[in-house]
Amino acid sequence: MENMFRLMGSEDFSDRQRCIWVNGPVIVGSGPSGLATAACLREEGVPFVVLERAECIASLWQKRTYDRLKLHLPKKVCQLPKMPFPENYPDYPTKRQFIDYLESYATRFDISPQFNECVQSARYEKTSGLWRIKTVKSSPSPSSAVSGSEMEYICRWLVVATGENAERVVPEIDGLTTEFDGEVIHSCEYKSGEKYRGKSVLVVGCGNSGMEVSLDLANHSANPSMVVRSSVHVLPREILGKSTFEISMILMKWLPLWLVDKILLILAWLVLGNLTKYGLKRPKMGPMELKVLTGKTPVLDIGAMEKIKSSQVDIVPGIKRFSRSHVELVDGQILDLDAVVLATGYRSNVPSWLQENDLFSKNGFPKSPFPNAWKGKSGLYAAGFTRKGLAGASADAISIAQDIGNVWREETKRRKMRTRVGHRRCISVA
């Protein structure tokens, strides 16, 4: 730690703001992307500091996911660099298993984030060629003496690893917050359908989260209705015992994208049937083409379609407005409601704190498409913004660590050479 940090200026630790020089990159975020980058840097011999606003690693997984969650893709395409999942894990690890894996990963590579450090701003100073990252201590205990204290980290390299899902998206819907008397939560607050047993719940959103929440509610004898405003691709998670994702990856190596989509849609029709009659219309663009061009992921069905077909989950159109205990839909239907779950997704929070406009666009994602989105100018890097899941985050981490590691080794060699030359001169003078 002493080699990594150096306190700049006052030695009085009671100061409200301190300034620290980091001898290596600062990584913002300790989710899978940040951990993978840190592990790869560790293997490259490069010191680093990880800043995390929460009090734990992978806070999205630990604090903002529902109990029944499992990885949607096989574990072999979700493992982080340099450490596979345990062999006894199932093909689709549970939420708890994935968290245990991440904690073991952090331990193995000696990754100890600076917890409760909420980044307020990060800017590049051209005159010094350094990044200045300002943070505020966000202690879980407001009465803590260090809560609210400010820190400034100074470094040459900055790795943005806050992810694609840093902040919840909450849409403005007429009457939802002003008139509706029932419970309203975002899917990140949803844990289990047990508390909704026998209640009427409206799930707003039909992505993977919306489908799984609806399935969980039905399994707990609630009465869920799911809002489907637009078209959506629903694919079976497996086809004949083989991961649909793996099938698509194999096909894409040999066939054009449009043909891969044709094959996937035929297979999906054979397994799931015609979904249009249940209110689920497919987009005109194929599932893989849509994923490549827009980043929108197809829904991988793990049981929700069975509930929809048996009318245990109702599909409803868009919302017009809410009243005290009802919702009026755009087709004129009026539903009695007890609760609303907003499965309306997440967004990047990068624009709120990163002061630059070369690597990142206004939506908080890199401007360049994969695989060139990981590197910007002036020592700025992005990990985990590929819209390609954990595999994309791992690819970013490896590229970033190798790039910084190459510079680190060259500079280390030059420092050693200067030291040797200086030593020889001292001997000659002596």
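The structure presented is a predicted model; accordingly, all values stated were derived computationally and were not measured.
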Only counting residues at least two apart or in another chain, list the ones meeting side-chain contact (heavy atoms from CB on, under 4.5 Å) with [X].
X: Asn274; answer: Trp269, Thr276
X: Lys82; answer: Cys40, Glu43, Phe109
X: Leu255; answer: Leu251, Leu259, Val260, Ile263

Can you list the residues that meet the side chain to side chain donor-acceptor pair (under 3.5 Å) rule with [X], with sequence neighbours excluded?
X: Asn349; result: Glu167, Trp353
X: Ser311; result: none
X: Ser361; result: Asn363

Would you check if the side chain of [X] reaches a backbone N or O of [Y] as a donor-acceptor pair within less than 3.5 Å?
X: Lys296; Y: Val232; answer: no
X: Asp261; Y: Glu289; answer: yes
X: His233; Y: Met285; answer: yes
X: His72; Y: Tyr92; answer: no
X: Thr244; Y: Arg237; answer: yes
X: Thr294; Y: Lys291; answer: no
X: Thr344; Y: Val169; answer: yes
X: Lys134; Y: Ala122; answer: no
X: His220; Y: Ala222; answer: no
X: Glu52; Y: Ser30; answer: yes

Residue pair Lys307, Asn219: steps toward the side-chain contact (heavy atoms from CB on, under 4.5 Å) verdict: CA-CA 9 Å; Lys307 300 295 183 182; Asn219 285 338; 3.1 Å; yes
So which heavy atom on [X] is nearest to which on [Y], and how close?
X: Trp61; Y: Ile99; answer: O-CD1, 3.7 Å
X: Leu342; Y: His186; answer: O-CD2, 3.4 Å
X: Tyr66; Y: Ser187; answer: CD2-O, 4.3 Å
X: Gly198; Y: Asn223; answer: O-ND2, 3.7 Å
X: Lys320; Y: Asp174; answer: O-CB, 3.9 Å
X: Pro86; Y: Tyr101; answer: CD-CD1, 4.3 Å

Please test Glu150 against Gln120 for side-chain contact (heavy atoms from CB on, under 4.5 Å), starting from the C-alpha separation and ending with a verdict. CA-CA 10 Å; Glu150 299 176 355; Gln120 301 297 297; over 6 Å; no
Between [Y] and [X], is there a side-chain heavy-atom distance shorter than 4.5 Å?
X: Glu246; Y: Lys76; answer: yes
X: Val160; Y: Val28; answer: no
X: Leu202; Y: Ile319; answer: yes
X: Val313; Y: Leu217; answer: no
X: Arg168; Y: Glu189; answer: yes
X: Met226; Y: Val213; answer: no
X: Glu103; Y: Asp100; answer: yes
X: Gln312; Y: Glu306; answer: no

Residues two or more places apart in sequence or in another chain: which of them pass ring pair (Phe, Tyr, Trp, His ring centres under 6.0 Å) with Phe245? none
Note: [X]-[Y] ion pair, threshold 4.0 Å (strictly below):
X: Lys195; Y: Glu183; value: yes
X: Glu55; Y: Lys63; value: yes
X: Arg123; Y: Glu356; value: no
X: Glu328; Y: Arg321; value: no

Any idea how Trp131 and Tyr124 line up, ring-wise: parallel (<30°), tilted (30 to 60°), or perpendicular (>60°)? tilted
Can you say whether the rings of Phe85 and Phe98 are parallel (under 30°), tilted (30 to 60°) or perpendicular (over 60°)? tilted
If you draw a 6.0 Å radius around CZ in Arg229, do more than 12 non-hydrogen atoms from other residues or ligands fall strictly inside? no
Lys242 NZ: over 12 foreign heavy atoms closer than 6.0 Å: no
Taking salt bridge (Lys or Arg N to Asp or Glu O under 4.0 Å) as the definition, give me every residue that meets it alongside [X], ordered by chain and number, with sequence neighbours left out.
X: Arg64; result: none
X: Asp181; result: Arg324
X: Arg387; result: none
X: Lys281; result: none

Side-chain H-bond candidate by donor/acceptor type, Tyr89 with Gln79, under 3.5 Å: no
Salt bridge (charged side-chain N to carboxylate O under 4.0 Å, His left out) between Lys137 and Glu117: does it pass, once the steps are laid out? CA-CA 5 Å; Lys137 197 73 172 177; Glu117 291 279 356; 3.8 Å; yes
Any ring pair (Phe, Tyr, Trp, His ring centres under 6.0 Å) involving residues 304-329? Give me the pairs, sequence neighbours left out, ordered by first then second residue. Phe180-Phe322
Evaluate the criterion side-chain contact (heavy atoms from CB on, under 4.5 Å) for residue pair Ser225 and Leu335; output intermediate values, then yes/no. CA-CA 9 Å; Ser225 298; Leu335 305 179; 4.2 Å; yes
Thr162 vs Arg53, side-chain contact (heavy atoms from CB on, under 4.5 Å): CA-CA, chis, key distance, verdict: CA-CA 10 Å; Thr162 47; Arg53 65 179 177 178; over 6 Å; no
